[in-house]
Amino acid sequence: MSHKRTEISILIESESERENVLIQGWVRTRRDSKDFFFLELNDGSCIKNLQVVVTREISEFETLKSIRTGSSVSVFGNLVASKGKGQKWEARAKEVELLGDSPENYPLQKKRHSLEFMREISHLRPRANMFGAVFRIRSRLSFAIHRYFQENGFFYVNSPIITASDCEGAGDLFKVTTIDLHEPPRSEDGLIDFSQDFFSQKTYLTVSGQLEGEAFATSLGKIYTFGPTFRAEKSNTSRHASEFWMVEPEIAFCDLQQDMDCAESFVKWVTREVLDTCQSDLELFYNFVDKRLEERLRFVVELPFHRVSYTEAIEILHASGKKWEYPVAWGANLQSEHERYLTEEHFKSPVTVYDYPKEIKPFYMRTNDDEKTVAAMDVLVPGIGEIVGGSQREERLDVLLENMKHHCISEEDYSWYVDLRRFGSVPHAGFGLGFERLLMFITGMGNIRDVIPFARTPGRI
RNA sequence: UGCCCUGUAGCUCAGUGGUAGAGCAGGUGACUGUUAAUCACUUGGUCGUUGGUUCGAAUCCAACCGGGGCAGCCA
């Protein structure tokens with residue numbers, strides 16, 4: 001067969017009947033009659049299946065009995081108006097070839113499976129409707145992120161994945177080494193001698209591209225990074241993964257207000273883009289995952305996010321009359337239960353909380369005039385909690401050095417970062433957005449492991 | 001890391017002290033258009049592992065292993 005296959009996404013949308021088309025895909029289900037059978041074919045190009053009618057007239061009819069759910073097939077035939085109800089088009093097969101058989105123990109049956117079971121077959125689950133939809137949307141969302149930034153004057157920077165910074169203030173790191181773990185070189189004091197390691201020092205997988213992003217924002221103006229990020233915390237929750245993707249824009253000549261504006265317009269724009277381009281995939285989530293998802297996405301796109309200062313948020317939590325597992329007190333971190341109350345019950349919308357206490361935030365955040373708070377902000381969304389964390393960065397050399405001393409961060413190790421304040425320092429700001437958390441929010445999927453192709457979590461790879 | 005739940009057929013699950021069951025999938029047959037097709041018949045199990053209690057354990061106990069939920073840490 002020298003024909004090129006036509007994707008089902010194209011055939012489904014066809015304006016007219018078509019002769020001699022080649023359709024290749026995987027069988028979702030088969031329905032038998034005496035002299036013919038129906039195949040429901042999916043090729044991954046869209047969530048919809050194409051119904052194929054195979055009649056006894058075609059050669060090989062008897063041998064095609066072994067076509068089952070999961071089999072891969074090649075069908076050559078005509079696209080015609082369907083005689084049955086439920087679909088506009090169907091393919092009438094002239095030739096059918098079984099490419100790959102699928103024995104009876106094919107794990108993906110034509111029924112609902114638990115998400116837990118699907119995680120155990122992560123190599124096959126993209127063939128299931130829900131996961132096909134998740135990963136097509138994931139692709140569109142990635143593209144939307146690039147479009148948003150590219151069309152708004154940002155440059156894409158590839159920050160390094162291997163780094164030497166061991167305390168960027170964002171959790172535990174995975175070590176990168178070529179040292180023989182059974183017989184490591186040791187220095188005189190008996191400790192492992194990392195000067196003999198590959199990079200002549202300790203190195204790690206990145207937990208954030210922010211610091212490198214700042215170097216490029218203070219030269220190219222507006223940049224974003226979008227890449228894999230690694231955290232070695234043993235977090236066992238539905239919204240943490242050891243390897244995930246993070247979007248980190250960094251903007252020169254920018255204060256916290258503009259930073260919050262950017263985060264909000266970004267979340268709104270990419271959400272609208274997915275709404276506009278992934279309608280049929282989204283319908284699966286509206287129907288089977290979260291009945292109120294569509295309403296919530298429209299709401300996010302159309303209405304402004306609420307903005308409250310940390311201090312106001314504490315007052316709201318005090319005034320709620322709720323009993324908290326963790327006490328609400330100015331100066332303490334907002335706990336999950338507090339964030340959920342703000343976004344899910346009090347405001348019932350995304351909320352941007354800003355101006356956090358200085359003591360609970362990292363060294364690089366800009367100290368406000370009150371000396372007690374920093375210009376930090378978090379965007380909280382219903383169902384997930386924190387989706388964006390950002391800040392205006394401390395651009396004043398003396399204040400930054402003082403903060404570093406306070407946080408016990410060696411000036412020597414970060415001399416290049418401090419240089420950005422020594423030479424032509426400018427106010428700048430940025431944020432980090434968890435890509436998978438945004439994808440969870442948009443699809444309504446409740447577990448981060450179900451929106452990552454092959455999820456890595458503590459104790460499981 | 002802490003607390004809690006869970007493990008029975010390829011999948012979803014019932015069986016809570018007397019020796020293993022259903023639906024779907026698979027197989028065989030029926031049906032001229034089905035839509036998770038339907039109908040009839042049918043194959044299929046070291047009940048997570050190891051040890052213990054008992055005349056007898058899927059069921060009770062212990063340890064271990066796997067899975068999940070919530071919390072902390074964060075994106």
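Keep in mind that what you see is a predicted model, and the values were worked out from it rather than measured.
- Between the base of B:rC74 and the side chain of A:Arg437 there is a donor-acceptor pair shorter than 3.5 Å.
- One C1' atom belongs to B:rC24, the other to B:rU16, and the distance between them is 26 Å to the nearest Å.
- Under the 30°/60° scheme for interplanar angles, the aromatic rings of A:Tyr310 and A:Tyr356 are found to be tilted.
- Taking the C1' atom of each, B:rU53 and B:rU59 are spaced 13 Å apart, rounded to whole Å.
- Ring geometry for A:His346 versus A:Tyr341: interplanar angle of 30 to 60°, hence tilted.
- In the interface, the side chain of A:Ser235 is paired with the base of B:rC73 through a donor and an acceptor atom under 3.5 Å apart.
- Side-chain nitrogen and oxygen atoms of A:Lys110 include none within less than 4.0 Å of the OP1 or OP2 phosphate oxygen of B:rA36.
- Between the side chain of A:Glu90 and the base of B:rG33, at least one donor-acceptor pair of N or O atoms lies under 3.5 Å.
- As the counterpart of B:rU19, no nucleotide is assigned, since no Watson-Crick or G-U wobble pattern has both distances under 3.5 Å.
- Between A:Asn129 and A:Arg28 the shortest side-chain heavy-atom distance falls below 4.5 Å.
- Proximity of A:His318 to A:Trp324: side-chain heavy atoms (C-beta onward) are nowhere separated by under 4.5 Å.
- At a threshold of 4.0 Å, the pair A:Asp290-A:Arg296 counts as salt-bridged, since one of the basic side-chain nitrogens sits closer than that to a carboxylate oxygen.
- Checked by distance alone, A:Gln87 brings a side-chain donor or acceptor within 3.5 Å of a matching partner on the base of B:rU35.
- For the pair A:Lys234 and B:rU1, the criterion of a side-chain N or O lying under 4.0 Å from OP1 or OP2 is met.
- Spacing of P atoms, B:rU6 relative to B:rC31, comes out at 49 Å, to the nearest Å.
- At a threshold of 4.0 angstrom between heavy atoms, the contacts of A:Gln51 include nucleobase atoms, whether or not backbone atoms are also involved.
- Remark: A:Ser336 is in phosphate contact with B:rG72, judged by side-chain N or O atoms under 4.0 Å from OP1 or OP2.
- The 5' end of RNA chain B is approached more closely, in terms of each residue's nearest nucleotide, by A:Phe36 than by the other of A:Phe36 and A:Glu325.
- Comparing B:rG69, B:rA75, B:rA37 against the side chain of A:Arg31 picks out B:rA37 as the nearest.
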Contacts under 3.5 Å, N or O only, protein and nucleotides 39-46 of chain B:
none

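- In this structure the side chain of A:Arg125 never reaches within 4.5 angstrom of the side chain of A:Phe117, judged on heavy atoms.
- Ring pair A:Phe226/A:His146 is tilted by interplanar angle, where 30° to 60° counts as tilted.
- B:rU28 adopts an anti glycosidic conformation, its chi angle falling more than 90° from 0.
- Separating the P atom of B:rU43 from that of B:rU28 is a span of 14 Å, rounded to the nearest Å.
- For A:Phe38 and B:rG33, the ring-to-base geometry does not satisfy the stacking test (centroid distance below 5.5 Å, interplanar angle below 30°).
- Across every strand in view, B:rA71 sits in a pair with B:rU1 that passes the Watson-Crick or G-U test at under 3.5 angstrom.
- The phosphate of B:rG68 (OP1 or OP2) has a side-chain N or O of A:Arg119 nearer than 4.0 angstrom.
- Considering only side-chain N and O atoms, A:Arg449 lies under 4.0 angstrom from the phosphate OP1 or OP2 of B:rG68.
- Ring orientation note: the planes of A:Tyr414 and A:Phe363 are nearly perpendicular, at an angle over 60° on the 30°/60° scale.
- Using a 4.5 Å heavy-atom cutoff, the side chains of A:Thr6 and A:Leu22 are not in contact.
- Remark: B:rC41 base-pairs with B:rG27. Criterion, Watson-Crick or G-U wobble with two distances under 3.5 Å.
- For A:Glu40 against B:rU34, no side-chain N or O and base N or O form a donor-acceptor pair under 3.5 Å.
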Pairs: protein N or O with nucleotides 21-23 of chain B N or O, under 3.5 Å:
from, atom 1, to, atom 2, distance (Å)
B:rG23, N2, A:Lys111, NZ, 3.2

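- In terms of phosphate contacts, A:Thr29 brings no side-chain nitrogen or oxygen within less than 4.0 Å of OP1 or OP2 of B:rA36.
- Residue A:His113 places no side-chain atom within donor-acceptor reach of the base of B:rC11, judged by atom type and a 3.5 Å distance cut-off alone.
- Applying the 4.0 Å criterion to OP1 and OP2 of B:rG33, one finds that A:Ser82 has every side-chain N and O outside that range.
- In this model, a side-chain donor or acceptor of A:Asn236 finds a partner on the base of B:rU1 within 3.5 Å.
- Remark: A:Arg30 is not in phosphate contact with B:rU34, judged by side-chain N or O atoms under 4.0 Å from OP1 or OP2.
- Residue order along RNA chain B, read from the 5' end via each residue's closest nucleotide, puts A:Asn447 first among A:Gln335 and A:Asn447.
- Taking the C1' atoms as reference points, B:rG45 lies 25 Å from B:rA40, given to the whole Å.
- Using cut-offs of 30° and 60° for the angle between ring planes, the A:Phe230 and A:Phe174 rings count as perpendicular.
- Nearest to the side chain of A:Lys85, among B:rG67, B:rC73, B:rU35, sits B:rU35.
- Looking at A:Lys348 and A:Phe299, their side chains never come closer than 4.5 Å, going by heavy atoms from C-beta outward.
- Between the base of B:rA75 and the side chain of A:Arg231 there is a donor-acceptor pair shorter than 3.5 Å.
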